[in-house]
Structure formats: structure tokens, C-alpha cells
Visitor: 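I am attaching a structure below and will ask some questions about it afterwards.
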Amino acid sequence: MNGLERMNFLSELRGRLRNALTDLVPADVIADVGPYAEMLKPTQDPKFGDFQANCAMSLGKALKRPPRDVATDIAARLKVDDLCDPPEIAGPGFINLKLRTERLVTEAAALISDDRLGVAPIAAPRTFIVDYSSPNVAKPMHVGHLRSTVIGQALDRVLRFLGHRVFSDNHVGDWGTQFGMIIYGYKHFRDDAAYQTAPVAELARLYRLVNQLSDYHEAVKTATALDAAARMAEAALLEAHRQAAANPKDKDAPKAVKKQEAAVAEAKAAIHSAKKKRETIDSDAALRALAEAHPQIAELARQETAKLHAGDAENLALWKTFIPQCLAALESMYDRFGVKFDLTLGESFYNPMLAGIVADLKAKDLAKKSDGATCVFVEGNAAPFIVQKADGAFTYATTDLATIRYRIETLKADAALYVVDARQGEHFQLLFATAKAMGYGQLECRHVSFGTILGDDRRPFKTRAGDTVGLESLLDEAIARARAIVDENDDGKKDGPELDAATRADVAEIVGIGGVIYADLHHNRDSDYIFSWDKMLAKTGDTATYIQYAYARVRGIFARNGIDADALRNTGGAILLNTSAERQMALQLLRFSEALNDVVVDYRPNLLTQYLYDTANSFATFYEQCPILKEPDPAVRTSRLLLCDLTARVLKTGLNLLGIRVAEKM
RNA sequence: GCGCCCGUAGCUCAGUAGGAUAGAGCAGUGGAUUUCUAAUCCACCGGUCGGGGGUUCGAAUCCCUCCGGGCGUACCA
């Protein structure tokens, strides 16, 4: 802090508008003018100024007066002459505001010595849990974990930067059925040499193997049933066709046909998938022998899980040796992303609390038995929320309830963000409703959902062979592709290459991983998006690279000319905004805090990527139009260097908040 | 069957607590450079915002309906 007021123009102007409205509007007509004050927003077109207030039209309606008259009255009461030129009224009653350039000058100058770049720490901090990533520790992370990890870490960092207390929590799967499989595999199939050299890889192999063998037997067992189902679906399809032909006017008939076609396709896909599972085993003598030797593998693996949960000494001991190894493997993945968790409280952590949760639900008369399972039925939802299965095992519903209680009672959290796939929306709806009914409504729970990453074919993103894409190999490929671009670019430099091999490797990593993160975050999190290497690493357009390049350009100016940024900041030079490009640059920099606030309103990191892209874009224009070192007037030169330096700081800080690093040279 | 989500330019996507002529990027076309890093900039081209109806001074945004697509839907997490 430096004593200078940090100005968020948007909230300041809204405050002023609110005062004007309170003054103008009788309280008995409109009790709360807040919503009207919120109607002040940045303009979409610079010709309307910098901000516009849109409240006069709807207010005119409420007051039964012509909107332009209302606008005139508002403008007359709006005390903004220290900030803005006189308000202009346009169209049906828009009030357009343009910031005074002198004010931009002083505000921008205040940023120079402000290490928070104009972002005031929040007045009323809250304690957030950001629950994200949450992989299954028994399996290597794959592309399905990318979005949760990347969106979660961005929200984590932005909330912290704004001044909230945050616990990032990795709610790992470390206690489920997959551990029964691993234990079974370890007991029967382990390769000791492989386990010694690479334990986690061996455990993953064992998991896959047991899974494969279980699937095989399941496929064999259900083959006739699947065939029968397919035949029934085909018969139903024929019948649907007959109905459609017989009743050409029935517009539901073609729909029924479509539906049956889908059912047939689904049944055939199930048969195909089962066949493939059988073939992989049948075609391999060794696997075949294993399968024959372990006909009850699925059931036995389940029993290993049950034994583990019951406290069996051998299984518990195995589990205790596996877990640290698995977590360490995850850690190396997170290091590449720069992700750090405050807490890694997985399913196992909550295990001792589950019986108490179910007992509590019963005591509160919220849970009842249904088909042998203990369920909570939530008003308006047909599906039950199963907290204890017929076999006595608890489910992730139970764990999630215990987690909520722990977050309230022990962590004293105010809000919990669940950064999880949209497909689990119903689960969270039931979870939150149940928690509320249990008396845990004080924790604001929020499902921060996101869509699926798709391949070119619009199906979930897979390798060409149809396997899920591992996160490790995804990052490796991103870095390799980035390296090719770095090499090409550096080799093509007019005065010859300037990066040594180590620097190139470093830049490739920063650009490659940054590209992956940015590509994900710049989409609206709700949308599915199509994964594209070419787009995420493109040298042009809305990419991390473009923004990183803008940063490197600034740093290049300073480095090549021996200008020390710290010294520059201390010279006391003024900011001068004599061209539209400079004015636009300063205004854009001053909107950093608006952008960060926008992110947390609905937990949307894409609003920050958008801001950073706009900022880099403003810089490119400024850089193009305003000579810096060639500028003869030393005061103007200093001012422009200061704008450059601020731009670099905003870009770096902003990218870092997204989990993206910057390079000094590119 | 029920529920949730989506349909915006040739492609990939923003924009949805209603606001002015619907925006970017890519692709396409045409310009700018003896480069303060061209991984750049400027301009042009390109849209019945899936269709129809309604509410409103004003609708991509809210309501209804139809079409098209995705996902979820009792003991996996």
C-alpha cells in the first residue's frame, strides 16, 4: 500500500449513480435503487464514451415519465465532474460517460508504485474451499482431469489475490473399489522387479489388468443377454417403422423410429465393446490363461475392497504403502502445472465419519430404506440419494456429506466451490439439498461445472487408437510442438538466433503448458470445446503465446537497452496520455481489478483471459503507433516506458493468476 | 418417460440478472516493414443469433412451442 486510493472506476461510478438515484427517486416508489445503479456498465463502442448508464429507460417506465427527461434529471444529480467529462444523453435515454484524461493520468500514475496494480484487497474476506482436480490416485491422470485442475487453480489464485482465505483441496479417490483391484492384482500378478523400479507404473498396470480380466468375464457372461437386448431393440425398431408407415400423419412416429434407431445403435455398440474386450484376452495366450485361472476375479476384488474397509491388517498395510507412492506421482504432475494444494483430504480421510453421517440422517428422519439401500429422497427428484448400499458399503454421497460437515466444523469455511464435470450436476443438486436439510445450509456450496473436451469428431477427446489421453503425454506433446515453434522463430530472427538450447527448452515449456491452460480457460467453462493443437499453439490470434509475446516484447525493450524497471518506477516521471492509443492503454490497465472481480462473480476464468487478450491487443496497437525509445521528447519517452512496464506487470500478474508463466525472451 | 445443457459468420468460440449498428480468432482478400522482436499491425469480406409465436420502448438474452444435438437418470465415483 502506498496511501493512494485504488480506483475501480466501475464500482466508483455505480456508487455515484446510486447516490444520484437515491436523491432523485422517492423511496416509496422504488425502495432499492441498487439494481438500477448496477445498470451502469462499460460501453461496447468507444464512440459512446467509456461507461454508460442504462437505467433511465426502465426508470422512466416505473416513474411514468419520458426516459430522456429522467436521464436529464439523473445526469444533473450525478456528481462525477472529478472523474468524467459532462455526461451525454443519447438515444432513448442512455447516459454516456467519458473519463477525464487527467484523471486517467493520475490513476495510472498511482499504479506505478502499487504492487497490487490497482486491485484493493477485499473489504470482507471469506473462507473458500476450492475443491478441484480430485483424480483417482490409483490411475495416471488423463485429459479428463485437465479442466478441473486448470479452472480450479485459476479460481484458487484469483480468490487469494483478491484477499479471500482459500483452502485448495484435492479430494482424491483413494479408498474406492479400485484399491480392491490393485490389492488383488498385487497379490496375484505383481512383477517385483517392475514394482521396485517404478511402483506406480506397476500398480497402474495391475489395476488395468484386473479391470481387463473382470471386464472379460463380464462380457462373456452377458453376451447372450446383450444379443437378446439387441434383437429386442431391432424388433422394436421394425415395429416403430410399421407404426410410422401405418400412421403417416402421426408426427410422433418418426421420433419413435429415431429413438429406436438410437437404441439399436447403442445395443450394437455394447456388443461391439464386449466383443473387443473378449478378443483382447482371447487373442493373447498369456492373458487367456490368466482369465481362466481367475474366473471370480471381479467378486474377489470386491472382497479385497471390503476387507480393506473392514480394517483387514494385510490389506490396510498394503494400502498404506501404496498411497504415498501414488500421491508422489500426482505431485510430479502438479509440479508441471505449478499447482499446489493446501489440503489433500481424500475419501479415506472421511471414512471414519461415514457411519455417523448415516446415523445422523436416520436420526433426523431424512433417510429411509428402499430396495435394501439407505436413501435420502429429495423433493422434486425421482432418483434417490443413496448414502448406504444394500451391502452396507457407503457411497460417495456419504463421503461428500461428511466433507461438508468437516468443512463447516473444522475448516470454518463460508463457501465451497466444487470444480467438477457438468455430468455430476444432479449429484450436487441432491448433495446440497440433503446437506441443507441436515442443517448444513450455512456453507454456500456451489457446483462450478464445466463441459467436455472433444476431439475433431465431436466425441470425447481420445487418441487415434481410441484410448484416453494421458495428461503426462499431453503436456509432453504440447512442449514438443512449442519447441518446434520456438526453434523456427528464433532461427528466423533477422540478426540470428538469440536463445541458447536451455533457454529454448525453458521457453517451450512455458509456451507449451501455457497454451494448454489458456486454451482451456478461454472457453466459457460451461461449453464443450474441441481440442486443437494448432489453435492452442498458433502463433497468431487469441492464445497464451500472443500474450506471452507481448510481455516478452516489453522485457526485451528494457533488457536490450539496459533500462532498469525498478529505477524507472522511482524516477517520478509522469504518465502522459496524448494519443488515443496511450489513453486506451492506460484505461485498459486500470480495468484490471474490474476483470478480476468479474471472474469471481460467477467463477468464470474466461473473463480474465479475455481481459488479458484485450490488454495485449491494446499494447500491440500502442506499440505500433507510439515510438518509445525513438521518441525525442524525454518526458514522453519516460511516460511510454512506464506504460510498457505497467503492461508487463499486469500481463504477468494476470497470466500467473491463471497458472500460466511468462518468459523474459521468446 | 423424466431432468439438465447446447444450437450465434465457412471453421473454432465470446456475448445471456434485456440495451444503441450482434463481437473476436482462424480461414479468405488487400495493404503496412531498410522491425524500439512481423510470434506484429491496419482495412475489407462474411450472420434470417436453429424455426415460429409471445412479453417489452427495446430480445441472441426472458416465456411458450416445434426442430436438431449432447448428457444424466438406484446402489461406480
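Labels below follow one simple rule: chain letters A, B, ... track the order of the sequence lines, proteins then strands, and each chain is numbered from 1. Atom set for the values below is all heavy atoms of this structure, side chains included, hydrogens, waters and symmetry mates excluded.
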Visitor: With a non-hydrogen cut-off below 4.0 angstrom, is A/Arg459 in contact with a base, only sugar-phosphate, or nothing?
Guide: sugar-phosphate
Visitor: Just to be sure I understand the rule, does A/Asp542 reach a base, reach only the sugar-phosphate, or reach nothing, if contact means heavy atoms closer than 4.0 Å?
Guide: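 Answer is sugar-phosphate: A/Asp542 comes under 4.0 Å of backbone atoms only.
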Visitor: Atom NE2 of A/His309 and atom P of B/rC76: how far apart are they, to the nearest Å?
Guide: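 It is 13 Å, rounded to the nearest whole Å.
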Visitor: What pairs of residues pass the salt bridge (Lys or Arg N to Asp or Glu O under 4.0 Å) test when at least one of them lies in residues 506-516 of chain A, not counting sequence neighbours?
Guide: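 For residues 506-516 of chain A: A/Glu509-A/Arg661.
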Visitor: Under the side chain to side chain contact (heavy atoms under 4.5 Å, CB included) test, which residues partner A/Ile485, sequence neighbours left out?
Guide: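 Here the qualifying residues are A/Leu537, A/Lys539.
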Visitor: Can a side chain N or O of A/Arg458 be found less than 4.0 Å away from OP1 or OP2 on B/rC71?
Guide: no
Visitor: Would you say the side chains of A/Asp542 and A/Tyr518 form a donor-acceptor pair under 3.5 Å?
Guide: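 Side-chain D/A pair, A/Asp542 to A/Tyr518: present.
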Visitor: Ignoring backbone atoms, establish whether A/Lys535 has a side-chain N or O less than 4.0 Å from OP1 or OP2 of B/rC11.
Guide: no
Visitor: Note every stem involving RNA chain B: at least three consecutive Watson-Crick or G-U wobble pairs, i with j then i+1 with j-1, with both distances under 3.5 Å.
Guide: B:1-7 with B:67-73, B:10-13 with B:23-26, B:28-32 with B:40-44, B:50-54 with B:62-66
Visitor: To the nearest Å, give me how far apart CZ (A/Phe428) and P (B/rU73) are.
Guide: 14 Å
Visitor: Does A/Lys539 contact B/rU40 through a side-chain donor or acceptor facing the base, at a distance under 3.5 Å?
Guide: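 No pair found.
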Visitor: Using ring-ring contact (aromatic ring centres under 6.0 Å, His included) as the criterion, list what pairs up with A/Tyr603, not counting sequence neighbours.
Guide: none
Visitor: For A/Lys47, answer base if it contacts any base atom (sugar-phosphate contacts may also be present), sugar-phosphate if it contacts only those atoms, and nothing otherwise; contact means non-hydrogen atoms under 4.0 Å.
Guide: base
Visitor: Ignoring hydrogens and geometry beyond distance, is a side-chain donor-acceptor pair present between A/Tyr611 and A/Asp598 at under 3.5 Å?
Guide: no
Visitor: Using nucleotides 2-4 of chain B, report all nitrogen or oxygen pairs with the protein that are shorter than 3.5 Å.
Guide:
none

Visitor: Which residues satisfy the side chain to side chain contact (heavy atoms under 4.5 Å, CB included) test with A/Gln178, sequence neighbours excluded?
Guide: A/Asn136, A/Ala138, A/Tyr207
Visitor: Applying salt bridge (Lys or Arg N to Asp or Glu O under 4.0 Å), which residue pairs with at least one partner in residues 615-631 of chain A are found, sequence neighbours left out?
Guide: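 Applying salt bridge (Lys or Arg N to Asp or Glu O under 4.0 Å) to every pair that reaches into residues 615-631 of chain A, excluding sequence neighbours, yields A/Glu631-A/Arg640.
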Visitor: The criterion is salt bridge (Lys or Arg N to Asp or Glu O under 4.0 Å); which residues satisfy it with A/Asp169, sequence neighbours excluded?
Guide: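 Scan of A/Asp169 (salt bridge (Lys or Arg N to Asp or Glu O under 4.0 Å), adjacent residues dropped) gives A/Arg407.
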Visitor: Of all of residues 619-627 of chain A, which get a heavy atom below 4.0 angstrom from RNA chain B, listed by number?
Guide: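 The answer is A/Ala620, A/Thr621, A/Tyr623, A/Glu624, A/Cys626, A/Pro627.
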Visitor: Of all residues at least two apart in sequence or in a different chain, which pass the side chain to side chain contact (heavy atoms under 4.5 Å, CB included) check with A/Ala635?
Guide: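 Expected list: A/Leu576, A/Asp633.
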Visitor: Determine the contact category for A/Phe385: base if any of its heavy atoms lies under 4.0 Å from a base atom, sugar-phosphate if only primed atoms, P, OP1 or OP2 are that close, otherwise nothing.
Guide: nothing
Visitor: How would you list all residue pairs meeting salt bridge (Lys or Arg N to Asp or Glu O under 4.0 Å) that involve residues 545-561 of chain A, not counting sequence neighbours?
Guide: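 As it turns out, the salt bridge (Lys or Arg N to Asp or Glu O under 4.0 Å) pairs with a partner in residues 545-561 of chain A, which skip direct neighbours, are A/Glu498-A/Arg560, A/Arg555-A/Glu664.
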Visitor: Can you find an N or O donor on one side and an acceptor on the other, under 3.5 Å apart, linking the side chain of A/Tyr549 with the base of B/rA39?
Guide: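 No pair found.
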Visitor: Whether the side chain of A/Ser370 and the base of B/rA74 hold a donor-acceptor pair under 3.5 Å is what I'd like checked.
Guide: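 Counting by modelled atom types and ignoring angles, a donor-acceptor contact under 3.5 Å is found here.
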Visitor: Under 4.0 Å between any heavy atoms, over every strand shown, what does A/Ala90 touch: base, sugar-phosphate, or nothing? Just pick one.
Guide: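 Here A/Ala90 touches the bases of the nucleic acid.
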Visitor: Does the side-chain ring of A/Tyr613 lie flat on the base of B/rA24, meaning centres under 5.5 Å and planes less than 30 degrees apart?
Guide: no
Visitor: With sugar-phosphate meaning primed atoms plus P, OP1 and OP2, does A/Ala422 contact a base, only sugar-phosphate, or nothing at under 4.0 Å between heavy atoms?
Guide: nothing
Visitor: How would you label the contact of A/Arg553 with the nucleic acid (heavy atoms, under 4.0 Å): base, sugar-phosphate, or nothing?
Guide: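 Base contact - A/Arg553 has a heavy atom under 4.0 Å of at least one base atom.
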Visitor: Using a 4.0 Å heavy-atom cut-off, does A/Ala552 contact any base of the nucleic acid, only the sugar-phosphate backbone, or nothing at all?
Guide: base
Visitor: Can you build the contact string for nucleotides 14-19 of chain B? Use B for base contact, S for sugar-phosphate-only contact, and - for no protein heavy atom under 4.0 Å.
Guide: SS-B-B
Visitor: Which part of the nucleic acid does A/Ile628 contact within heavy-atom distance under 4.0 Å: base, sugar-phosphate only, or nothing?
Guide: base
Visitor: Any donor-acceptor pair under 3.5 Å between the side chain of A/Asn96 and the base of B/rA20?
Guide: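 Under the 3.5 Å cut-off, the side chain and the base do form a donor-acceptor pair.
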